[in-house]
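One structure is given below, encoded as structure tokens.
Residue numbers begin at 1 in each chain, while the letters A, B, ... track the order of the sequences.
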Protein chains: 2
Amino acid sequence: MDRAARKARLAQAVWQVIRERGIGAVSVRSVAEEAGVAVGSLRHLFPTRAELLEFSAELMVQRARERIRDIPRTENVQQYALEVVKHLLPLEPDSRAELEVNIALIAETPALPKLEAIRDHAYHQLGEACTQLVGMLAGRPRDRQIEEEARRLHAIIDGLAIHLLMEPSSQDTGWAVAIVRGELARIAGGAA
Amino acid sequence: MDRAARKARLAQAVWQVIRERGIGAVSVRSVAEEAGVAVGSLRHLFPTRAELLEFSAELMVQRARERIRDIPRTENVQQYALEVVKHLLPLEPDSRAELEVNIALIAETPALPKLEAIRDHAYHQLGEACTQLVGMLAGRPRDRQIEEEARRLHAIIDGLAIHLLMEPSSQDTGWAVAIVRGELARIAGGAA
DNA sequence: TTTTTGCTAGCACAGTCATGCTACTAACGG
DNA sequence: CCGTTAGTAGCATGACTGTGCTAGCAAAAA
């Protein structure tokens with residue numbers, strides 16, 4: 001049963017519409033057309049518009065989570081951490097699109113309360129990941145200072161992500177990576 | 001002529017609708033009702049929906065700019081800088097609403113291209129403000145390192161802003177201010 | 001074979017949308 | 001006094017919306 005695949009295909013059509021015409025243009029009709037199916041077919045998988053958007057949001061989070069999880073661990077902790085953070089920033093067209101969609105969905109939260117839970121979950125997972133990263137870098141178990149450093153790293157990541165999104169995608173992105181690299185080095189050696 | 005005041009009143013109705021029901025619920029009808037005027041009256045001030053949203057966005061940016069500009073300069077540079085940053089974070093209901101509206105407007109950019117210019121302008125102004133702040137803190141003219149520090153500060157501010165928005169507004173916000181304070185102190189004394 | 005099931009397709013309805021348009025009121029300049 | 005102007009109000013139109021509903025179609029199950 002490739003039901004899941006068909007649902008994923010429709011979710012991708014949702015993302016496409018959001019990126020091209022904004023969240024306001026997402027309707028069962030526009031998404032069905034983008035995916036090349038009839039409205040009836042779409043509504044067989046997603047009876048309501050809300051379910052369509054919720055699934056799309058969840059799938060996006062899941063994809064990102066898997067992408068991060070599949071990064072191979074290298075012996076050099078700093079390099080591994082840098083690789084993880086690079087996958088959290090919108091450096092590639094894919095991850096860029098992901099963030100655009102993410103922001104659009106956050107903006108629609110007042111109209112779709114279930115999105116709030118999805119976003120909160122993703123947010124806390126990312127926070128947890130930052131804490132573990134900082135713990136690995138500092139080479140000691142979690143304590144109060146590590147948690148503050150993690151919050152700070154988390155903020156830098158999200159801030160840089162937004163700034164990268166503002167710049168045209170063609171622009172140089174080295175400055176952002178440089179900041180991250182410096183931050184990671186500071187965390188790794190900074191406690192001393 | 002209180003034409004400007006009436007336009008501002010309508011812009012506030014736009015923000016209200018965005019916060020309560022999401023950007024998707026913003027229509028000439030919903031805004032007019034929220035403001036307690038007839039659709040025809042609204043359309044006398046703003047002939048099209050796009051003009052209404054563009055004005056609302058610009059007014060919001062302008063309000064924020066004025067709020068920052070009116071912060072009194074204290075002799076202690078670090079304290080002044082902290083005060084500025086605190087006004088850039090969604091710590092009060094007003095600034096919180098501002099950020100919510102901001103995100104919603106960014107999300108609608110694909111549908112309203114003019115919003116992109118407004119947002120870019122605000123973004124660069126904030127970047128410039130960060131550079132000046134860092135320059136003041138470091139006590140030396142602008143150079144490459146100062147610009148990198150400024151970018152980092154800018155990222156931390158925007159990242160923290162988002163994180164504060166995620167937490168319920170009632171939550172403790174001291175941790176965010178603590179991070180900012182540490183960052184400012186590091187910049188001021190850190191070059192050594 | 002007949003029946004059930006998963007899916008596709010689309011019609012119909014009631015509602016909302018932006019916007020063009022006219023009509024009405026009131027203030028102000030001549 | 002009249003004409004002009006700004007503002008208020010609302011009607012009409014054509015398009016788009018989500019969703020309930022029926023109907024067809026093909027494969028699997030009975």
Side-chain angles (χ1 to χ4, degrees), chain A residues 1-59 104-105 107-115, chain B residues 1-59 104-105 107-115:
Chain A
M1 180 180 298
D2 55 356
R3 188 183 170 97
R6 270 178 296 128
K7 287 177 88 170
R9 184 184 159 80
L10 286 169
Q12 280 176 287
V14 170
W15 305 340
Q16 184 78 1
V17 172
I18 288 179
R19 292 185 53 209
E20 281 173 1
R21 295 188 274 155
I23 183 77
V26 174
S27 67
V28 291
R29 284 170 174 82
S30 63
V31 171
E33 190 183 13
E34 179 76 40
V37 304
V39 179
S41 303
L42 182 149
R43 294 194 52 228
H44 187 71
L45 281 316
F46 301 107
T48 70
R49 180 188 124 104
E51 287 175 64
L52 172 62
L53 284 171
E54 285 153 16
F55 178 86
S56 300
E58 261 168 356
L59 183 61
L105 290 173
E108 268 293 274
T109 298
L112 297 139
K114 282 202 177 172
L115 288 185
Chain B
M1 178 183 296
D2 56 356
R3 189 182 168 98
R6 271 178 295 126
K7 288 177 89 169
R9 183 185 161 79
L10 287 169
Q12 281 176 287
V14 170
W15 306 340
Q16 185 79 359
V17 172
I18 288 179
R19 291 185 53 208
E20 279 174 1
R21 295 188 274 155
I23 181 77
V26 174
S27 67
V28 290
R29 285 170 172 81
S30 62
V31 172
E33 189 182 13
E34 179 77 39
V37 305
V39 179
S41 305
L42 182 150
R43 293 193 52 227
H44 187 71
L45 281 315
F46 302 106
T48 70
R49 179 188 123 105
E51 287 174 63
L52 171 63
L53 284 171
E54 285 152 16
F55 178 87
S56 300
E58 260 168 358
L59 183 63
L105 291 173
E108 269 294 274
T109 299
L112 296 137
K114 283 202 179 175
L115 289 185

Inset, instruction - Specify the closest pair of heavy atoms between A/L115 and A/L53, including all atoms of both residues, with the distance to one decimal. - result: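 Between these two residues, the closest heavy atoms are CD2-O, 4.2 Å.
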Inset, instruction - Check for a donor-acceptor pair, side chain of B/S30 on one end and backbone N or O of B/A25 on the other, with a separation under 3.5 Å. - result: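 Indeed, once roles are kept as given, a pair shorter than 3.5 Å links the two residues.
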Between [X] ([atom1]) and [N] ([atom2]), how many Å, whole number?
X: A/K7; N: C/dT8; atom1: NZ; atom2: P; value: 13 Å
X: A/E51; N: D/dG20; atom1: CD; atom2: P; value: 10 Å
X: A/L52; N: D/dT19; atom1: CG; atom2: P; value: 10 Å
X: A/R9; N: C/dC7; atom1: CZ; atom2: P; value: 15 Å
X: B/D2; N: C/dA27; atom1: CG; atom2: C1'; value: 14 Å
X: A/R49; N: C/dT16; atom1: CZ; atom2: C1'; value: 13 Å
X: B/H44; N: C/dA26; atom1: NE2; atom2: C1'; value: 13 Å
X: A/F46; N: C/dT8; atom1: CZ; atom2: C1'; value: 16 Å

Apply side-chain contact (heavy atoms from CB on, under 4.5 Å) to [X] and list each qualifying residue two or more places apart in sequence or on a separate chain.
X: A/R9; answer: none
X: B/A11; answer: B/W15, B/F55, B/S56, B/L59
X: A/E20; answer: A/Q16, A/E34

Inset, instruction - Check salt bridge (Lys or Arg N to Asp or Glu O under 4.0 Å) between B/R19 and all other residues, then give those that pass, not counting sequence neighbours. - result: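 So B/R19 forms a salt bridge (Lys or Arg N to Asp or Glu O under 4.0 Å) with B/E100.
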Legend entry - Axis bend over the full length of the helix from C/dT1-D/dA30 to C/dG30-D/dC1, computed from five pairs that close each end, to 10 degrees: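 Inter-axis angle at the termini of the helix from C/dT1-D/dA30 to C/dG30-D/dC1: 10°.
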Inset, instruction - Check side chain to side chain donor-acceptor pair (under 3.5 Å) between A/E51 and all other residues, then give those that pass, not counting sequence neighbours. - result: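 Applying side chain to side chain donor-acceptor pair (under 3.5 Å) to A/E51 gives A/T48.
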Legend entry - A/S41: partners by side chain to side chain donor-acceptor pair (under 3.5 Å), with sequence neighbours left out: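 Once residues adjacent in sequence are excluded, A/S41 has no partner under the side chain to side chain donor-acceptor pair (under 3.5 Å) criterion.
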Considering just the side-chain nitrogens and oxygens of [X], establish if one lies under 4.0 Å of OP1 or OP2 belonging to [N].
X: B/R43; N: D/dT8; answer: no
X: A/S41; N: C/dC7; answer: no
X: A/R6; N: C/dC7; answer: yes
X: B/R3; N: D/dG7; answer: yes

Inset, instruction - Sorted by first residue and then second, give each salt bridge (charged side-chain N to carboxylate O under 4.0 Å, His left out) pair with at least one member in residues 40-50 of chain A; sequence neighbours left out. - result: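 Qualifying pairs, neighbours excluded: A/R49-A/E108.
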Legend entry - Within residues 21-32 of chain B: residues closer than 4.0 Å to DNA chain D (heavy atoms):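 None, since no heavy atom is under 4.0 Å.
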